[in-house]
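First up is the structure itself, then whatever we jot down about it.
Naming: A, B, ... by sequence-line order, numbering from 1 per chain.
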Amino acid sequence: MDFKKEVAGIISSLVDMEVEKVMELMEVPPHANMGDYAFPCFQLAKVMRKAPNMIAAELAAKVQTHAIIEKAEAAGGYLNFFLNKNVFIGDTIKRVLEQGEKYGYNSMGEGKTITIDFSSPNVAKPFHIGHMSSTIIGGSMEKIFRHLGFKVERINHLGDYGTQFGKLISAYKRWVDHEALEKEPINELLRIYVKFHEEAENNPELENEARAYFKQLEDGDKEAIALWERFRALSIKEFEQTYKKLHIEFDSYAGESFYTDKMGEIIDMLEDKKLLVESNGARIVDLSEFNLPPCLVIKSDGTTIYVTRDLAAALYRKRTYDFHKNIYVVGTTQSLHFSQLFHVLKLMGFEWAKDCVHIGFGLVKFPDRKLSTRKGDVVLLEEVLDEAVQRTMALIEQKNPDLKDKEDAAKKVGIGAVIYTFLKNNRDRDIVFSWEDTINFDGDSGPYVQYTYVRGKSILRRAGQLPETADYSVLTSDDEFNLIKLLGAFGDSVKEAAERYEPFVVTRHITEIAKAYNKFYINHPILNAEESIKNARLHLTQAVCNVIKTGLKLICIETPEYM
RNA sequence: GCGCCUGUAGCUCAGUUGGAUAGAGCAACGGACUUCUAAUCCGUGUGCCAGGGGUUCGACUCCCUUCAGGCGCACCA
């Protein structure tokens with residue numbers, strides 16, 4: 001039963017307002033003692049030309065006793081509803097247990113496909129901490145959409161094309177160490193790439209050589225292509241090791257190179273629509289009507305640019321997947337680029353341009369280190385993950401030295417802690433990465449949530465078989481009711497996360513659940529409680545574990561069984 | 001110069017179509033383990049919500065403006 005909807009139905013029958021509209025207005029009061037749902041009467045006041053508190057009072061008097069409502073009372077301009085706790089508790093626990101990992105599902109996405117372009121590292125460049133945001137926000141959004149019934153196409157738009165490959169071929173021929181390339185491909189490719197830039201400062205001829213190699217690559221020279229393919233394959237192999245740790249998968253690795261033969265059509269379309277304008281030797285689309293700088297589509301030397309490829313990619317995705325939404329998870333530094341891209345699509349007459357979405361995020365900053373590839377001074381994601389696991393291992397030795405599979409727990413907890421720090425706040429903010437905060441497992445943290453699950457599971461193991469039935473009417477404490485309310489609202493948070501493209505809504509919600517369970521846990525015995533209470537609390541514990549596990553999965557964090 | 005983002009407690013941050021006394025975590029201090037994993041729980045307090053105007057019955061929220069920081073502003077991606 002959807003309690004919110006039921007209450008909305010009651011309100012709707014009393015006032016002249018659609019149930020949907022009532023649902024939108026309804027809130028959860030700031031304090032539990034004010035009720036479980038609140039309906040603000042301020043909007044009605046305008047229509048009815050009556051004071052909000054009068055309306056609330058009149059409505060409160062009209063609300064009749066109802067199976068799911070204990071009472072309704074007016075408080076200022078609010079009409080507050082108190083649910084019949086018994087009915088609500090029983091229904092919610094039952095629903096969670098029945099639906100299992102499907103709990104929180106919503107049919108909003110049925111029959112719709114979302115394409116999501118995320119992670120998208122550059123071939124032959126290290127996968128550094130800056131790539132974490134796109135990878136993990138995209139990975140999480142993908143799982144959230146899927147939970148809501150959408151079909152999702154996960155696209156890794158690799159940076160596998162461009163003049164840097166000319167440089168790389170040049171550098172490869174001059175300085176590569178084949179042994180090192182086998183062992184640590186990206187490391188070696190980075191080394192020679194950095195060396196290229198150092199040498200090029202004193203030897204401008206290198207730049208020309210690189211351009212020549214890139215031309216060969218474009219012209220289909222066999223040797224050049226073979227090298228490029230090797231760089232690409234070696235890179236993907238390394239990336240996949242990292243993705244495996246983060247539980248991220250892709251349906252497509254169609255990167256920039258995939259669209260090189262699909263740009264001609266785009267340019268023809270732009271020509272047909274007379275959108276291309278000559279400017280300083282280059283060809284641009286004028287976007288001044290949108291108050292945007294012009295979008296350069298063809299360079300003065302006649303070659304294409306990334307926007308050209310992105311245009312081709314968007315059209316390809318529409319044709320191939322017929323997306324409901326076409327999402328790009330890329331840093332906010334690229335806001336202008338995407339704004340231009342979407343506006344050009346609009347000018348081209350594609351009505352689906354409105355379905356293209358840029359999900360931006362802030363920069364990852366280190367207090368003292370820089371993140372420039374050219375200087376070779378990067379913080380590798382692998383290093384961060386490994387260090388987190390190591391630090392977690394040390395903590396396990398200290399807290400739970402008898403743990404059986406320490407490595408497994410250390411991996412799940414350590415990596416979970418890193419992911420959590422990336423998904424706990426608003427995307428727009430820059431992340432200042434500090435080990436101190438990431439490895440602090442007290443309070444709001446991945447390990448805090450995981451630990452709650454582990455404690456719950458520990459109890460369930462000790463209890464043995466979960467009793468088939470339980471009488472939930474014995475769950476009468478505030479701690480229990482508050483906890484169950486949070487379980488009941490889980491689906492709303494998943495939906496909100498999807499609508500706002502903000503995984504942190506889920507992160508915060510499951511943290512709230514963990515907090516509420518820990519409070520319940522410390523105040524109420526489970527295994528030692530009287531039989532009927534014990535059974536009901538075991539069911540509740542199982543329900544909490546289910547929801548936490550589902551929630552963590554949605555933010556790409558694994559749940560250990562022991563820690 | 002123009003555009004976008006950010007500015008809330010000592011620190012890191014929630015606070016979403018304007019609404020109830022502006023909330024969490026960390027840090028600090030004090031308490032709770034013969035009892036289900038103390039990676040837990042309980043208690044103690046601090047805010048000219050960056051400043052100034054405006055709209056409104058009501059503004060952290062909307063508008064204008066100033067300041068501070070970040071990121072962009074065509075032949076890299």
* **Among C75(B), C71(B), U37(B), the nucleotide that comes nearest once only the side chain of Thr333(A) is considered** => C71(B)
* To do: Could you work out which one of U37(B), C13(B), C41(B) sits closest to the side chain of Asn425(A)?
  => C13(B)
* Select one nucleotide: of A74(B), A14(B), A77(B), the one nearest the side-chain heavy atoms of Glu256(A). => A77(B)
* Do Tyr316(A) and Tyr259(A) have ring centroids that are under 6.0 Å from one another? -> yes
* Determine whether Asp492(A) and Lys4(A) make a side-chain contact, defined as any pair of heavy atoms from C-beta on separated by less than 4.5 Å. => yes
* To do: Counting heavy atoms from C-beta on, name the nucleotide in A39(B), C73(B), C36(B) closest to the side chain of Pro293(A).
  => C73(B)
* Which part of the nucleic acid does Asn426(A) contact within heavy-atom distance under 4.0 Å: base, sugar-phosphate only, or nothing? -> sugar-phosphate
* Asked: Which of the following nucleotides, C41(B), U17(B), C75(B), is nearest to the side chain of Ser300(A)?
  -> C75(B)
* Please measure how far the P atom in U8(B) lies from the corresponding atom in C48(B), and state the result in whole Å. => 10 Å
* Give one of base, sugar-phosphate or nothing for His31(A), where a contact means two heavy atoms less than 4.0 Å apart. => base
* To do: Determine the contact category for Asp310(A): base if any of its heavy atoms lies under 4.0 Å from a base atom, sugar-phosphate if only primed atoms, P, OP1 or OP2 are that close, otherwise nothing.
  => nothing
* Structure fact -> For Met263(A) and Ala312(A), the nearest pair of non-hydrogen atoms, with its separation, is CG-CB, 4.1 Å
* Structure fact -> Note: Asn80(A) and Pro29(A) closest approach over all heavy atoms is OD1-CG, 4.4 Å
* To do: Identify whether any heavy atom of Gln334(A) sits under 4.0 Å from a base atom; if not, whether one sits that close to sugar-phosphate; answer base, sugar-phosphate or nothing.
  => base
* To do: Name the nucleic acid region contacted by Asp430(A), choosing base, sugar-phosphate or nothing; use a 4.0 angstrom heavy-atom cut-off, strictly under.
  => sugar-phosphate
* To do: Could you tell me whether Tyr448(A) contacts a base, only the sugar-phosphate backbone, or nothing, with contacts defined as non-hydrogen atoms closer than 4.0 Å?
  => sugar-phosphate
* Selection from C36(B), C41(B), U40(B) that lies nearest to any side-chain heavy atom of Arg455(A) -> U40(B)
* **Partner nucleotide of A68(B) by Watson-Crick or wobble geometry (both distances under 3.5 Å)** => U6(B)
* Asked: When all nucleic acid strands are considered with a 4.0 Å heavy-atom cut-off, which category describes Pro525(A): base, sugar-phosphate, or nothing?
  -> base
* **Shortest side-chain distance from Leu25(A), nucleotide among U17(B), A20(B), A14(B)** => U17(B)
* Asked: At under 4.0 Å between heavy atoms, what does Ser458(A) touch on the DNA or RNA strands: base, sugar-phosphate, or nothing?
  -> base
* Structure fact -> Whichever of Asn523(A) and Ser335(A) has the more 5' nearest nucleotide on RNA chain B, that residue is Ser335(A)
* To do: Kindly indicate whether the side chain of Asn400(A) and the base of A38(B) share any N or O donor-acceptor pair separated by less than 3.5 Å?
  => no
* From C71(B), A74(B), C13(B), nucleotide with atom closest to Asn280(A) side chain -> A74(B)
* Asked: Should Lys519(A) be listed as having a side-chain N or O under 4.0 Å from OP1 or OP2 of C41(B)?
  -> no
* To do: Indicate, with a heavy-atom threshold strictly under 4.0 Å, whether Ile284(A) touches base, sugar-phosphate, or nothing.
  => base
* Determine the contact category for His524(A): base if any of its heavy atoms lies under 4.0 Å from a base atom, sugar-phosphate if only primed atoms, P, OP1 or OP2 are that close, otherwise nothing. => base
* Asked: Starting at the 5' end of RNA chain B, which residue's closest nucleotide do you reach first, Ile526(A) or Glu496(A)?
  -> Glu496(A)
* To do: Taking only the side-chain heavy atoms of Arg462(A) (C-beta and beyond), determine which of U37(B), C73(B), A20(B) contains the nearest atom.
  => U37(B)
* Could you tell me whether Leu395(A) contacts a base, only the sugar-phosphate backbone, or nothing, with contacts defined as non-hydrogen atoms closer than 4.0 Å? => base
* To do: Determine whether any donor atom in the side chain of Thr332(A) lies under 3.5 Å from an acceptor atom in the base of C5(B), or the reverse, and answer yes or no.
  => no
* To do: Would you kindly give the CD1-to-P distance between Ile431(A) and C71(B), to the nearest whole Å?
  => 15 Å
* To do: Measure up the Phe231(A) and Phe165(A) rings against each other and bin them: parallel (under 30°), tilted (30 to 60°), perpendicular (over 60°).
  => parallel
* Asked: Are Phe127(A) and Phe239(A) close enough that their ring centers fall under 6.0 Å?
  -> yes
* Asked: How is Ala463(A) classified with respect to the nucleic acid when contacts are heavy atoms under 4.0 Å: base, sugar-phosphate, or nothing?
  -> nothing
* Asked: Quick one: does Ile298(A)'s side chain get under 4.5 Å of Thr303(A)'s, heavy atoms only?
  -> no
* From C73(B), C36(B), A39(B), pick the nucleotide closest to the side chain of Pro447(A)? -> A39(B)
* To do: Would you classify Ser279(A) as touching base, sugar-phosphate or nothing, given that sugar-phosphate means primed atoms plus P, OP1 and OP2, and contacts are heavy atoms under 4.0 Å?
  => base
* To do: Answer yes or no: side-chain N or O of Tyr451(A) and base N or O of A39(B) forming a donor-acceptor pair under 3.5 Å.
  => no
* Taking the same atom, P, in G15(B) and in C5(B), what whole-Å distance lies between them? -> 16 Å
* Asked: Hey, does Lys424(A) reach any base, or is it just sugar-phosphate, or nothing, if we go heavy atoms under 4.0 Å?
  -> nothing
